[in-house]
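Everything on this sheet refers to the single structure shown next.
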Amino acid sequence: DAGVTQSPTHLIKTRGQQVTLRCSPKSGHDTVSWYQQALGQGPQFIFQYYEEEERQRGNFPDRFSGHQFPNYSSELNVNALLLGDSALYLCASSLQTVGVTDTQYFGPGTRLTVL
Amino acid sequence: DAKTTQPNSMESNEEEPVHLPCNHSTISGTDYIHWYRQLPSQGPEYVIHGLTSNVNNRMASLAIAEDRKSSTLILHRATLRDAAVYYCILRDWDSGYALNFGKGTSLLVT
């Protein structure tokens, strides 16, 4: 049973560019969340997608946007990249039906470096 | 959101039990206590969660104080593979679906 997969593993961009990160959830999961983890910090919640809609958003600017596809996979898009966007981007999947006690399964992350 | 306080780091010897504390003095009656850990170069992984009663699973035990203002994650026999950052997280319907990670406790096992 494949777990959460993310691509690419690493990415280098320059300031002002745009980036798209991809996530495939664990088999059977219908909900995808995205987190940003700066070096030495805990992950910060960006947003969560369920039924192809963004249903909760953290404290991130509109430059961060996402999409969920009918097969439950998801993309995270970041526009107008800033140096401060350099971080590990983590995707997590879960089952909507469980609610606040759900277990979120994390992928290995995509390391984004902005030069 | 109710906040948690954890020590920045702890050290343990292999094969010995480890008690990782978490203070959450402003916890509400509907807050669940979750623990996740993050091994080096990996995404976080779920460890355990509870509401009021102590909980056990194959990975660890969670001991919750009677007043729920603190909790302790117990690893019964630490191994080198348990070296990770451990996060104590409170969740309720107000916080919604997000996991609000703090800085966690970095556990060194030698």
Side-chain angles (χ1 to χ4, degrees), chain A residues 3-7 9-10 21 23-26 29-51 53-60 66 68 87-111, chain B residues 1-9 20 22 27-53 55 57-60 62 64 71 84-107:
Chain A
V4 178
T5 60
Q6 293 186 242
S7 64
T9 306
H10 296 88
L21 310 182
C23 171
S24 291
K26 184 177 167 65
H29 284 184
D30 57 6
T31 303
V32 173
S33 304
W34 286 91
Y35 292 80
Q36 180 196 65
Q37 186 173 25
L39 207 59
Q41 304 295 317
Q44 299 295 309
F45 176 75
I46 302 175
F47 41 55
Q48 185 180 85
Y49 275 82
Y50 170 67
E51 290 189 339
E53 297 282 337
E54 180 186 295
R55 95 170 147 181
Q56 185 177 350
R57 187 179 185 92
N59 189 24
F60 279 80
Q68 185 180 35
L88 181 69
Y89 288 85
L90 295 159
C91 170
S93 73
S94 56
L95 268 176
Q96 187 283 137
T97 51
V98 183
V100 77
T101 60
D102 70 325
T103 295
Q104 295 192 13
Y105 293 80
F106 285 80
T110 293
R111 172 71 62 188
Chain B
D1 290 345
K3 295 198 182 302
T4 63
T5 304
Q6 300 178 252
N8 290 332
S9 62
L20 296 160
C22 180
I27 192 170
S28 75
T30 54
D31 280 330
Y32 283 81
I33 303 161
H34 289 248
W35 284 80
Y36 279 73
R37 73 179 185 180
Q38 187 171 20
L39 279 64
S41 302
Q42 294 188 27
E45 65 175 346
Y46 168 81
V47 177
I48 201 166
H49 78 273
L51 183 62
T52 57
S53 305
V55 184
N57 66 20
R58 64 175 181 80
M59 287 182 70
L62 176 60
I64 302 173
S71 61
V85 179
Y86 287 78
Y87 298 97
C88 171
I89 301 167
L90 300 183
R91 298 186 72 190
D92 69 356
W93 291 108
D94 288 339
S95 59
Y97 306 101
L99 289 171
N100 295 313
F101 292 85
K103 291 191 175 181
T105 297
S106 179
L107 176 65

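Lettering follows sequence order; numbering is per chain, from 1.
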Would the distance check show the side chain of Tyr36(B) and the main-chain N or O of Gln104(A) forming a donor-acceptor pair, the cut-off being under 3.5 Å?
yes
When the 4.5 angstrom heavy-atom criterion is applied to Gln41(A) and chain B, the contacting part is both
Between the CD atom in Gln42(B) and the CG atom in Leu90(A), the distance rounded to the nearest 0.5 Å is 11.0 Å
d(His49(B) NE2, Thr103(A) OG1) to nearest 0.5 Å is 6.5 Å
Here the gap from Gln44(A) atom CD to Leu99(B) atom CG, rounded to the nearest 0.5 Å, amounts to 11.5 Å
Can you tell me if Gln56(A) uses its side chain to pair, donor with acceptor, with the backbone of Tyr97(B) under 3.5 Å? yes
The interface call for Pro43(A) against chain B, heavy-atom contacts under 4.5 Å, is both
Closest heavy-atom pair, Asp102(A) versus His34(B), reported as atoms and distance to 0.1 Å, is O-CE1, 4.1 Å
When the 4.5 angstrom heavy-atom criterion is applied to Gln37(A) and chain B, the contacting part is side chain
Turns out that what part of Arg55(A) lies under 4.5 Å from chain B's heavy atoms comes down to side chain
Answer key: most heavy-atom pairs under 4.5 Å with chain A among Ser106(B), Pro44(B), Gly102(B) is Pro44(B)
Under 4.5 Å to a heavy atom of chain B? For Tyr35(A) that would be side chain
